[in-house]
Engineer: 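I have a structure here, written as structure tokens, and I will follow up with some questions on it.
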Amino acid sequence: LTLSFQTLSKADDIRDFEIEGMSIGDSLLDHFQESELRKIDKFYYPNSKKYFGLASNLFNENLDAYDAVQFIVVPQTYEIISIAGKIHKFINDQKKCFNEMEKIFNELELSFPNSKIDKEKEGPHEADRSGKSLAKVYKIYLKNGRIAVTCTDWSQDTGRPDSLKVAIHLKDYMDWINNEAYE
């Protein structure tokens, strides 16, 4: 699997990483028509409308490395503050997902050698209150954000496909998620 890495040689800025040609700080308006973006259902967090999420088949056309891409953006400008690429070929095969996760993370680690690393063990996914869905997450913390690589084994009850996800989050987004979105 070849991921869309851009100039990662010893970078420490989250904006130096891209998924499918898009980076944190880009506007979706540089890639899609505003009329198309307005038609997409927006996902808002329970306690704040500062940002919203977008996931659509519109984003999944002509992808090179991923099966799907999703975004968290600033409402007025569609500035990307979080982007995630998902791969669904590991359905019901966590072992292969974990192996691919290790390969991707090792490549990322080499590109960000001075960054804090966090490798979590597999555990219940916080988005599934039943506790039946499991996720394993590896994170790299940069000065202005975080890159996470996640294998998720979703419970059949959720209706979500198992996935390997590579996500880029701006620090401001992570602060908002932890202190405002659910508070």
Side-chain angles (χ1 to χ4, degrees), residues 1-8 11-89 104 107-108 111-112 115 125-127 135 137-152 154 158-183:
L1 177 69
T2 303
L3 297 176
S4 300
F5 298 133
Q6 172 195 13
T7 59
L8 285 181
D12 66 350
D13 187 331
I14 198 76
R15 297 171 201 268
D16 291 336
F17 183 80
E18 63 181 32
I19 291 177
E20 296 291 345
M22 294 174 275
S23 299
I24 297 294
D26 288 358
S27 172
L28 283 179
L29 296 172
D30 294 334
H31 304 276
F32 303 95
Q33 295 293 317
E34 186 171 8
S35 59
E36 294 175 306
L37 296 174
R38 286 185 182 177
K39 294 176 188 174
I40 300 170
D41 289 336
K42 292 152 185 67
F43 171 80
Y44 288 95
Y45 289 79
N47 294 323
S48 175
K49 295 202 183 318
K50 183 176 181 179
Y51 305 120
F52 60 75
L54 291 170
S56 169
N57 284 334
L58 169 69
F59 306 137
N60 304 338
E61 297 172 3
N62 304 312
L63 298 179
D64 294 321
Y66 299 93
D67 298 320
V69 181
Q70 61 190 35
F71 303 92
I72 305 294
V73 299
V74 175
Q76 300 79 9
T77 62
Y78 288 94
E79 178 186 350
I80 300 168
I81 60 162
S82 176
I83 182 173
K86 292 184 172 185
I87 301 167
H88 298 296
K89 71 179 183 182
I104 292 168
E107 185 175 341
L108 286 168
S111 298
F112 302 103
S115 299
H125 195 292
E126 60 192 32
V137 184
Y138 289 177
K139 302 171 189 170
I140 296 176
Y141 294 91
L142 304 173
K143 67 181 180 183
N144 60 343
R146 179 183 87 185
I147 299 172
V149 183
T150 308
C151 276
T152 304
W154 290 104
T158 68
R160 296 180 178 183
D162 296 346
S163 65
L164 171 62
K165 179 170 75 170
V166 178
I168 315 166
H169 307 296
L170 189 64
K171 185 179 183 317
D172 290 346
Y173 167 74
M174 295 309 304
D175 292 343
W176 174 76
I177 280 287
N178 293 327
N179 300 307
E180 186 179 333
Y182 294 101
E183 296 296 320

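All of these numbers come straight from a predicted model, not from anything done at the bench. Just so it is clear, the values below take in all heavy atoms, side chains as well, and ignore hydrogens, waters and symmetry mates.
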Engineer: Hey, could you give me each pair passing salt bridge (charged side-chain N to carboxylate O under 4.0 Å, His left out) that has a residue in residues 160-169? Not counting sequence neighbours.
Structural biologist: none
Engineer: What residues, two or more places apart in sequence or in another chain, satisfy ring pair (Phe, Tyr, Trp, His ring centres under 6.0 Å) together with Y51?
Structural biologist: W176
Engineer: Yes or no on side-chain contact (heavy atoms from CB on, under 4.5 Å) for L164 and I104, after CA distance, side-chain angles and deciding distance?
Structural biologist: CA-CA 10 Å; L164 171 62; I104 292 168; 3.7 Å; yes
Engineer: For E180, does the CD atom have more than 12 heavy-atom neighbours from other residues, nucleotides or ligands under 6.0 Å away?
Structural biologist: yes
Engineer: Got a donor-acceptor contact below 3.5 angstrom from the N178 side chain to the M174 backbone?
Structural biologist: yes
Engineer: Which distance, rounded to the nearest 0.5 Å, do you find between the CD1 of I40 and the CG of N57?
Structural biologist: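 Nearest 0.5 Å value for the CD1-CG distance: 9.5 Å.
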Engineer: Side-chain contact, heavy-atom cut-off 4.5 Å: V73 with F52?
Structural biologist: yes
Engineer: Provide the closest heavy-atom pair for Y66 versus E20 in the form atom of the first, atom of the second, distance.
Structural biologist: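 That closest heavy-atom pairing would be N-OE2, 3.1 Å.
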Engineer: Do L108 and Y138 make a side-chain contact, defined as non-hydrogen atoms from C-beta onward lying under 4.5 Å apart?
Structural biologist: no
Engineer: Output the distance between atom CG (D175) and atom CG (L170), rounded to the nearest 0.5 Å.
Structural biologist: 9.0 Å
Engineer: Does anything in residues 36-50 pair up under salt bridge (charged side-chain N to carboxylate O under 4.0 Å, His left out), and if so which pairs, sequence neighbours excluded?
Structural biologist: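 Listed by first then second residue: E34-R38.
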Engineer: Check whether any side-chain heavy atom of F32 sits under 4.5 Å from a side-chain heavy atom of L54, and report yes or no.
Structural biologist: no
Engineer: Roughly how far, to the nearest 0.5 Å, is CD1 of I19 from CD of Q70?
Structural biologist: 9.5 Å
Engineer: Fit a plane to each ring of F71 and F59, take the angle between them on a 0 to 90° scale, and name the class: parallel (under 30°), tilted (30 to 60°) or perpendicular (over 60°).
Structural biologist: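 It falls in the perpendicular class, over 60°.
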Engineer: With sequence neighbours left out, which residue pairs that include part of residues 139-151 fulfil the side chain to side chain donor-acceptor pair (under 3.5 Å) condition?
Structural biologist: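 Listed by first then second residue: D13-N144, E120-K139.
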Engineer: Let me see the working for V74 and I81 under side-chain contact (heavy atoms from CB on, under 4.5 Å), right down to the final yes or no.
Structural biologist: CA-CA 7 Å; V74 175; I81 60 162; 4.0 Å; yes
Engineer: Would you please say whether a donor-acceptor pair under 3.5 Å links the side chains of E79 and S27?
Structural biologist: no
Engineer: Within this structure, what is the CZ-CD1 distance for the pair R15 and I80, rounded to the nearest 0.5 Å?
Structural biologist: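 Separation between the atoms: 11.0 Å.
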Engineer: Can you tell me how far CD1 of I24 sits from CD1 of I147, rounded to the nearest 0.5 angstrom?
Structural biologist: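 If we round to the nearest 0.5 Å, I147:CD1 and I24:CD1 are 9.5 Å apart.
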Engineer: Please find the pair of heavy atoms, one from N60 and one from V69, that lie closest to each other, and give the distance.
Structural biologist: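 Scanning both residues, the minimum pair turns out to be OD1-N, 3.0 Å.
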Engineer: Identify the two heavy atoms, one from I140 and one from S115, that lie closest to each other, and give their separation to 0.1 Å.
Structural biologist: CG2-CB, 3.6 Å
Engineer: With sequence neighbours excluded, tell me which residues meet side chain to side chain donor-acceptor pair (under 3.5 Å) with H169.
Structural biologist: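 H169 satisfies side chain to side chain donor-acceptor pair (under 3.5 Å) with S82 once adjacent residues are dropped.
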Engineer: With sequence neighbours left out, what residues match D172 under side chain to side chain donor-acceptor pair (under 3.5 Å)?
Structural biologist: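 Partners of D172 under the side chain to side chain donor-acceptor pair (under 3.5 Å) test: none.
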Engineer: Test side-chain contact (heavy atoms from CB on, under 4.5 Å) on I14 and F112 and set out the steps.
Structural biologist: CA-CA 10 Å; I14 198 76; F112 302 103; over 6 Å; no
Engineer: Where do T152 and A135 come nearest, in terms of heavy atoms and distance?
Structural biologist: OG1-CB, 4.0 Å
Engineer: Which is it for I72 and I177 under the side-chain contact (heavy atoms from CB on, under 4.5 Å) test, yes or no, and what are the steps along the way?
Structural biologist: CA-CA 11 Å; I72 305 294; I177 280 287; over 6 Å; no
Engineer: Could you tell me the separation between the CG atom of L142 and the OG atom of S111, rounded to the nearest 0.5 Å?
Structural biologist: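 Interatomic distance, L142 CG to S111 OG, rounded to 0.5 Å: 10.5 Å.
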